[in-house]
> 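The structure that follows is given in the form of structure tokens.
Quick caveat: nothing in here was measured; it's all calculated off a predicted structure. Indexing begins at 1, ligand by ligand and atom by atom, following the structure's order. Values below: every heavy atom of this structure, side chains too, minus hydrogens, waters and symmetry copies.
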Amino acid sequence: MRGPYDRCTMTPGDGTTGKDLGAPLGAPSDRQGPMFVVLDGIDGCGKTTQAGRLVDWLKTRDHGAEPLHLREPGSTVLGERLREMLLEPSVQIGRGTLALLFAAARRQTLEELVAPALSEGRDVVIERFHASTFAYQGGPPPLDEVGAFAEPKLLELLRGWAGAPAPTHEIVLDIDPEDSFARALAREGGGADRFESRGLEFQQRVARGMRRYVDLVPTAVLVNARGDEDEVAQGVRDAVSRAWVTGLHAGGAHGH
Ligand code: TYD
């Protein structure tokens, strides 16, 4: 069965991602229909900064609708409350439960915020999405003894329960875990949340999971995030301009 992730047009490559992507579209105003862009990556990869830069750039589109900037976990009341629990290391939550809770919060975000914004013609930029659940909660060993949360099943679960509206673009910021880990620790003043407190080896595993997600999902692309802020912002704009997924903005992005 073909899912929303399979509906893409891939032609000449852009050199940064190793994937064949569509032809450049030029300025954002050249496009039709709203974009639903995911910016993902390991802790400290620069997602928040780059999401802000992307939102500013998307504002230059000529129809004037304000882009919506979201983050996961969070953005809805449910998501923000779950966030407190999900990130708090003292609350015991297994990996499978975490995956389900992240998927549940995502579904709420899609229904409550993303779908209405897209139908009003607003672009949506969200920090973190399926790639995070796949990379943080997935990976070996399988999440349970019968393998129900092995990689393909986990992707199926995410697409099945939090699949619509589907993103038009999924960008994974690619950075060395050593660099991003140092950045995340400096920013958080000690890296105390559930995930950051698990150390560099964990972040390396997550980085492998992110790359694996990009390998498995044809419309997801890696953008090199090792450069300075302006270079990375340009890489993100290039990916957004090129990797337009034909048909998704008309169909999947509105939940059909
Ligand atoms: P956050 O402080 O928002 O990190 P960042 O600013 O780097 O995005 O914390 C989000 C944490 O939640 C992060 O460590 C990754 C984790 N996470 C998952 O484990 N699975 C998921 O599906 C999502 C969305 C986030």
> Identify, with sequence neighbours excluded, every residue that meets salt bridge (charged side-chain N to carboxylate O under 4.0 Å, His left out) alongside Asp230.
Arg53
> At a non-hydrogen distance cut-off of under 4.0 Å, which region of Leu86 contacts ligand 1 (side chain, backbone, both, or neither)?
neither
> I'd like to know if Glu201 and Arg205 make a salt bridge, using a cut-off of under 4.0 Å between side-chain N and carboxylate O.
no
> Is it the side chain (CB and beyond), the backbone, both or neither of Gln203 that lies under 4.0 Å from ligand 1, heavy atoms counted?
neither
> Counting heavy atoms only, which part of Gln137 comes closer than 4.0 Å to ligand 1: side chain, backbone, both or neither?
side chain
> Name the option, out of Tyr136, Phe129, Phe134, that contains the heavy atom nearest to atom 15 (C) of ligand 1.
Tyr136
> Identify whether the distance between the nearest side-chain nitrogen and carboxylate oxygen of Asp123 and Lys59 falls below 4.0 Å.
no
> Just jot down the ligand 1 atoms closer than 4.0 angstrom to any heavy atom of Lys47, in number order.
7 (O), 8 (O)
> To the closest 0.5 Å, what do you measure between CD1 (Ile42) and CD (Gln203)?
6.0 Å
> Closer than 4.0 Å to some heavy atom of Arg106 - which atoms of ligand 1 meet that?
22 (O), 24 (C)
> Taking Leu82 as the starting point, is it possible to reach Val77 by hopping between hydrophobic residues whose side chains are less than 4.5 Å apart?
no
> I'd like to check whether Glu72 has a polar contact with ligand 1, where a contact means an N/O of the residue lying under 3.5 Å from an N/O of the ligand.
no
> For ligand 1, which part of Arg71 has a heavy atom less than 4.0 Å away: the side chain, the backbone, both, or neither?
neither
> Side chain to side chain contact (heavy atoms under 4.5 Å, CB included) between Thr109 and Phe129: does it pass, once the steps are laid out?
CA-CA 11 Å; Thr109 302; Phe129 206 67; over 6 Å; no
> What about Asp43: any of its N or O atoms under 3.5 Å from an N or O on ligand 1?
yes
> Within a distance under 4.0 Å of any heavy atom of Arg83, pick out the atoms of ligand 1 and give their elements.
1 (P), 2 (O), 3 (O)
> Is ligand 1 less than 4.0 angstrom away from at least one heavy atom of His130?
no
> Between the side chains of Asp174 and Arg211, is the shortest nitrogen-to-carboxylate-oxygen separation below 4.0 Å, so that they form an ion pair?
yes
> Could you tell me whether a side-chain N or O of Arg128 sits under 3.5 Å from a main-chain N or O of Gly41, the two making a donor and an acceptor?
yes
